[in-house]
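Each remark here refers to the structure printed beneath this line.
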There are 2 protein chains.
Amino acid sequence: MTAASDRAVDQLRERILGGEYVPGERLGEVELAEKLGVSRTPVREALRRLAAEGLVDITPNKGARVIDYPRQDLEKIFEIRAHVEGLAARSAAETASMADIDRLDELATVLKERSEAGDLDEVYRLNAAYHATLNGLAGSAVLTSTVGHLIHSAVLLRTLHSFDPAARQRSVNHHLEIVAALRARDPDWAEAVMRAHLLSARASLLGARRRDEENLEENA
Amino acid sequence: MTAASDRAVDQLRERILGGEYVPGERLGEVELAEKLGVSRTPVREALRRLAAEGLVDITPNKGARVIDYPRQDLEKIFEIRAHVEGLAARSAAETASMADIDRLDELATVLKERSEAGDLDEVYRLNAAYHATLNGLAGSAVLTSTVGHLIHSAVLLRTLHSFDPAARQRSVNHHLEIVAALRARDPDWAEAVMRAHLLSARASLLGARRRDEENLEENA
DNA sequence: CGTTCGCTAGTTGCATACATCTAGTCGATG
DNA sequence: CATCGACTAGATGTATGCAACTAGCGAACG
């Protein structure tokens, strides 16, 4: 479970989150083993671990596929995140060090730049890093791993792609405002903004779905 | 990942949750393989899956141990559960069928009996079943699996053992009240009781810790 | 006497061979 | 001609052998 298996997990995760494998796509063991230059054993391990992270779905005797959540679940994910990450933001406001907050500030600032430049891929990465960092500051391994799964599922479905420019700007501002709340050591404020941030994302998602359905009707 | 591996997972989970292996205890692959009558491969699979469920902790090249959360994390777990299962109760109040509610009612009723009879082992089992059922009613696989991990960690540490009789009776009453809220189709009520239920459990936990520390001082 | 190096036993990680299951195709039969 | 069944290729599941790593002990050296 060292070199080979770890590398397999990292590479697979990156490829899945990077969109190289689309949701629902089959992930054959032998194919992956050849592509990664290892035997099937570490590949199996990797697939099991990714299943644990919620990135792939394994059916006995039938193999692994990239997970494909229904849209409804995705909305639920944002509701849960609104609560759980709200808690994390609250904790962070109470315990984070100045160095931690500075790091978060840096992420939020660069994120704002990249967003204004229209570099969506980088916005993804930074957004994930921002949330992962903040959740880590809550200082509870349980909380971090809990939310980790949820974030993966969301990134997977390219949530941000559905954002219209106005929503994206709101999102960027939320990130900065949360940093301000942390600096002010104000748990209530931090929690409230984080909740707003994620519920706003959820709303954008609903809007995107409505647009998708309308487009479908047009093309029908 | 069929017969052998599944059986291994089920047996190990039962033994861990049943307290046969205590937190921190080492879980050697060969030993388990012999005990379960299979080879090391399915045992390894099983350990990885249990790690995914949050029941064991695997360190590369050093093997698996039963997980051992610090008390602090346990409190965090109940905070998160209060939020997430609160959501689940809300959803259930909106969508559960009468048959579902009857099933939950049955569980809560038997649980009350067993609690009054002092049968704590059975109370554990029924309590876990009650929460698992209710979370399942929310109709979101994501939510169910998210909370599943959290519940495992809690059961693992024998939370209920720390309950004094008064707290246990409160807990039993909460279960029944939630059923009533579901029958009334009142999401707000259901959510509020569930939150109270879990925050009450968290408070009992804090009380138990205080008692433990006092006992330690006495024995010192 | 304490520290460090090397050895050894035991465990985990990886690769490979074999067993079992699934799905698709071809052919036989009503 | 349609349908059912057996066969076959390809995949996953399991077992086992070998390699690499960890930890613990003991002896040699400073």
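Every value quoted in this text rests on a predicted model; they were computed, and no experiment measured them. Throughout, protein chains are lettered first and strands after them, A, B, ... in sequence-line order, and every chain is numbered starting at 1.
In this model, a donor atom of one side chain and an acceptor atom of the other lie less than 3.5 Å apart for B:Arg49 and B:Ser5.
Note that the CZ atom of B:Arg48 and the CD1 atom of B:Ile58 stand 4.0 Å from one another [nearest 0.5 Å].
Residue B:Arg40 contributes atom CZ, which lies 11 Å from atom P of C:dC14 at whole-angstrom precision. Taking atom CZ of B:Arg7 as the reference point, atom P of D:dG13 lies 16 Å away to the nearest angstrom. Rounding to whole angstrom units, CG of residue B:Asp6 and P of C:dC21 are separated by 13 Å. Rounded to whole Å, atom P of C:dG13 lies 10 Å from atom CG of B:Leu47. At whole-Å resolution of the value, CZ in A:Arg65 and P in D:dT12 are 10 Å apart. Rounding to whole angstrom units, NZ of residue B:Lys62 and P of C:dT12 are separated by 12 Å. The distance between atom CG of A:Asn61 and atom P of D:dG10, rounded to the nearest whole Å, is 18 Å. Rounded to whole angstrom, the span from the CD atom of B:Glu45 across to the C1' atom of D:dG13 amounts to 8 Å.
Annotation: side chain of B:Arg65 is not in contact with side chain of B:Val56 (no heavy-atom distance under 4.5 Å). In this structure, A:Val30 and A:Arg40 have side chains that are in contact, with non-hydrogen atoms separated by less than 4.5 Å.
By the 30° and 60° cut-offs, the orientation of the rings of A:His175 relative to A:His131 is perpendicular.
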Handout entry: Verdict with reasoning, A:Met194 to A:Leu198, per side-chain contact (heavy atoms from CB on, under 4.5 Å)
Key = CA-CA 6 Å; A:Met194 181 57 93; A:Leu198 289 164; 4.0 Å; yes

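Each of A:Thr41 and A:Ala64 has a nearest nucleotide on DNA chain D; the 5'-most of these lies closest to A:Ala64.
Among residues at least two apart or in separate chains, salt bridge (charged side-chain N to carboxylate O under 4.0 Å, His left out) pairs with a member in residues 76-93 of chain A are A:Glu79-A:Arg202, A:Arg81-A:Glu85, A:Arg90-A:Asp188, A:Arg90-A:Glu191.
Contact check of residues 25-38 of chain B against DNA chain D (heavy atom, cut-off under 4.0 Å) returns B:Val38.
Distances shown here put every side-chain N or O of B:Arg44 at or beyond 4.0 Å from the OP1 or OP2 atom of C:dT12.
Among the nucleotides C:dA15, D:dG13, C:dT12, the one closest to the side chain of A:Ser39 is C:dA15.
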